[in-house]
Structures are given as C-alpha cells and as structure tokens.
**Q** 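Okay, here's the structure, questions in a sec.
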Amino acid sequence: MSNREIIELSERYLMATYARSPVALVRGQGVRVWDADGRQYFDFLAGIAVCNLGHCHPDVVAAIREQAGTLLHVSNLYHIEPQARLAQLLVEHTFADRAFFCNSGAEANEAAIKLARKYQKDRGHGRRTEIVSATMSFHGRTLATLTATGQAKVRTGFDPLPGGFSYVPYDDIEALADAVGPQTAAVLLEPIQGEGGIRVPEPGYLPQVRELCDARGALLIFDEVQTGMGRTGTFLACEQEGVAPDLCSLAKGLGGGVAIGALLATEETAESFGPGTHASTFGGNPLAAAAALAAVRTLLGDGILPHCRRMGAYLTSGLRAAVASHPAVASVRGRGLLVGVELAPGYPAAHVVRELLERGFLTGTAGEGVLRLAPPLIVEREEIDALLAALGETLSSL
Ligand SMILES: *Cc1c(COP(=O)(O)O)cnc(C)c1O
C-alpha cells in the first residue's frame, strides 16, 4: 500500500485520537525509518522516546524471534524466567529491591498510586490518601493518571475525576512544603518534565523533595517513563541528582519497542502488594520480558550510556551555537538526548515539526511551544549535524 492508501484507510476506520503526520512508516533500521512510498527519514523522536536502541536493534530482534518460537505467553499464575531475570537486572542497576510488570506507563503509575495508598493504610495511616503532583506534568491517560496529570487539557471532559489528587508548581520547594501534610500518601514527580515542555528542575530541587517527603512521612514516586532507560545519559535520570525514590515507574524504552511497563519499589513498600492486591494478565509475559531483558542488557552493556551523554552534549551545544540566537528560539534545554527547543511566542512548534518532516526528519512537540528532540541513543554526529542544518533552514524560512 502507498502512503495515500494507508492514510485513507486509517482516517476511515480509526478513532481520531491523534493529529497524525501525513506519512505511514513501514520499516526502520537504527536511526532511520522509511515510509510506504520509500522515502527515508532520520528519526529524532524514536517513537516518542521508545526506540532508545534505534529501530530493530539486532539483539532485541533476536531475543523476540527466539522467544516467539518458544513460548509467547503464560499467565502470572506461573513463574516466568525472562520476567524474573529482567526484575533481577533492574534491581541490580537501580535503587529498587523488587519489580512489578505491566504494559504501559499509565499502568505503571496506576500501580504506584495504588501501592502508595495501600502502604500508608497498612501502616495505620488511613488518612494518608492524597497524591501530590506538579502542574505541567504528564502521567498517563487512565482516569487516575490523567487526574494526577497537572494539565487541564488532559482532564477536560472526563468528570467526575477520582478524588485525592492535588497539584503544586514544579521546581518550587516552598509550594511543595505547603502542600505535603498528614493527608499525603505520596509525591509524584517526573525528574525532568517531558510532555510538559522538557523542563529541567534547578539542581537541589529533587534532593530537597526527598528530604521533605522523609520529614513528613510521604512516599516519593518518580515517573521515569520518559526519562528512564538511559534517555538522559544514566539508566534512571534521578541518579544524576543523587536521589532515590521509594517507587519508580518505567515504560516507553523498556521493551526496546515492545509494550511493557514496570513499577520499581523498595522492599519496604513492595510488601504492601500481596496476592490479590494488584495484577496484569499480560504484565511481564515471556515475549515482552524477553524483549525488555535484551533491551536493558544492551543498554547497560554496549557503552550506550556514555555515548548518549556525549551525543546529548553535542546536540545541545550544536543547537546553542546554530539556532539559539535565532529570534524564533527562546531557549534550548534538556539532558542527555531528551532535548527541547523552546520557541518564541508566535512560532508554533507543530509548524516546525511539519517543516522538518518535509526535510526528512521526524521530531515532536512537548506542549505547544517546544520542539522535542529524542533520537535513538545510538545517534551519531553526522545525523545530528544534518538535523542542525535542517532546523537552521526551517527557522530561516519562517
Ligand atoms: C508517556 C508517558 C506516560 C504514559 O505512558 P503510556 O505508555 O502512554 O501509558 C506517563 N508518564 C510519562 C512521564 C510519560 O512520558
């Protein structure tokens, strides 16, 4: 089928929940993808921070092929070797002692919210039910996680929303200190806000949040669905702040392109999830777990994290040198290969995304005013140079 035919079929039969770009992608390899008409693109969005190892990484493909021919699915009523090995690997490389597997970021956050409330109740703190999150955050599209999401546009139209959520401005420790009290079960934050515009907090904010939570008896949940899996140059972004949460959600890049989410937890909090408290039919099934096991092993083993830090610095300094002085650019921010180019008022990011698509680059927005760049972590200098040139041309043509 051609682009046109696929687009017609898609527009005829799918619910219109996405404003899709007018291309149908049919093949990917490394940093490149091809559409149905055979045109090539450099992928600077990586399936929205999913394909961190690039498209069709051979190790992930081999693991999926092997597992698909052996055992696709058994339920969590039985023990599953790749799932147990994946949990071990995640525990060995993070603050966590245990893992629970699900299928998406929203589900991982749902699990975190449930576990935080149950943990407080189990300790006799039945009044501690509230989840404090930040404005401009993004935590998912289920009822609980869209309620935790501090953006009205995500919540509008879905009343009544579940109770027990409140919001504070991000990167404002005083506001958080005012909001966290004897009613608080947990504080839920992204270490860097992704969808809300690639917002990096001031150094010291996250350690202060940790101290505050400890002093007030609240748990700390980091949503690393977007920042985790090496995206910011370390396995978890919170490592760079020297802060460990009690709970941490992962998804997006975890499965190397296959749907899987995880909730990581300390031993103390994990105890509150016993048989019958939480479950997922597909969570951590043999196929998804085998893909994730290969993805995490490759990420940790192949020098990809230092490469991400080098390429992130190269991209950010390249942007600062090439386009930051352009009147359409307000700021360049981010960490590792999660980078935002904030545009000046009157320059919609979606327009820049369209122009870059025309020039053969897939990029995205983060909110209305920020161009989001999140290429595979294996991206090389030449590809970054090409993106910088295309962005420079695009900005000049505005
Ligand atoms: C994408 C995202 C989610 C939601 O993940 P889904 O897999 O789409 O449910 C949650 N939190 C953050 C920070 C995200 O970037």
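Just so you know, these numbers use all the heavy atoms, side chains as well, and skip hydrogens, waters and symmetry mates. Numbers here simply count residues along the sequence, with the first being 1. Indexing begins at 1, ligand by ligand and atom by atom, following the structure's order.
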**Q** Once side-chain contact (heavy atoms from CB on, under 4.5 Å) is applied, do any residues pair with A328, and if so which ones, sequence neighbours excluded?
**A** H326, Y347, L395, L398
**Q** Under the salt bridge (charged side-chain N to carboxylate O under 4.0 Å, His left out) rule, what pairs show up with a residue in residues 115-128, not counting sequence neighbours?
**A** K118-D122, R123-E268
**Q** Should R12 and E8 be marked as a salt bridge (charged side-chain N to carboxylate O under 4.0 Å, His left out) after you check the CA-CA gap, both sets of side-chain angles, and the distance that decides it?
**A** CA-CA 6 Å; R12 167 68 183 80; E8 271 168 26; over 6 Å; no
**Q** Decide yes or no on salt bridge (charged side-chain N to carboxylate O under 4.0 Å, His left out) for E195 and R372, but give the supporting numbers first.
**A** CA-CA 9 Å; E195 302 299 310; R372 173 169 26 182; 2.8 Å; yes
**Q** Contacts table for ligand 1: protein N or O within a distance under 3.5 Å of ligand N or O, distances only.
**A**
{"from": "ligand 1", "atom 1": "7 (O)", "to": "G105", "atom 2": "N", "distance (Å)": "2.8"}
{"from": "ligand 1", "atom 1": "9 (O)", "to": "G105", "atom 2": "N", "distance (Å)": "3.4"}
{"from": "ligand 1", "atom 1": "9 (O)", "to": "A106", "atom 2": "N", "distance (Å)": "2.8"}
{"from": "ligand 1", "atom 1": "11 (N)", "to": "F138", "atom 2": "O", "distance (Å)": "3.2"}
{"from": "ligand 1", "atom 1": "11 (N)", "to": "D223", "atom 2": "OD1", "distance (Å)": "3.3"}
{"from": "ligand 1", "atom 1": "11 (N)", "to": "D223", "atom 2": "OD2", "distance (Å)": "2.7"}
{"from": "ligand 1", "atom 1": "15 (O)", "to": "Q226", "atom 2": "NE2", "distance (Å)": "2.8"}
{"from": "ligand 1", "atom 1": "15 (O)", "to": "K252", "atom 2": "NZ", "distance (Å)": "2.6"}

**Q** Give a yes or no on whether E174 atom CD has more than 12 heavy-atom contacts from other residues, nucleotides or ligands under 6.0 Å away.
**A**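 No, the 6.0 Å shell around CD holds no more than 12 heavy atoms from other groups.
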**Q** Would you please name every residue forming a ring-ring contact (aromatic ring centres under 6.0 Å, His included) with Y170, sequence neighbours left out?
**A** Y205
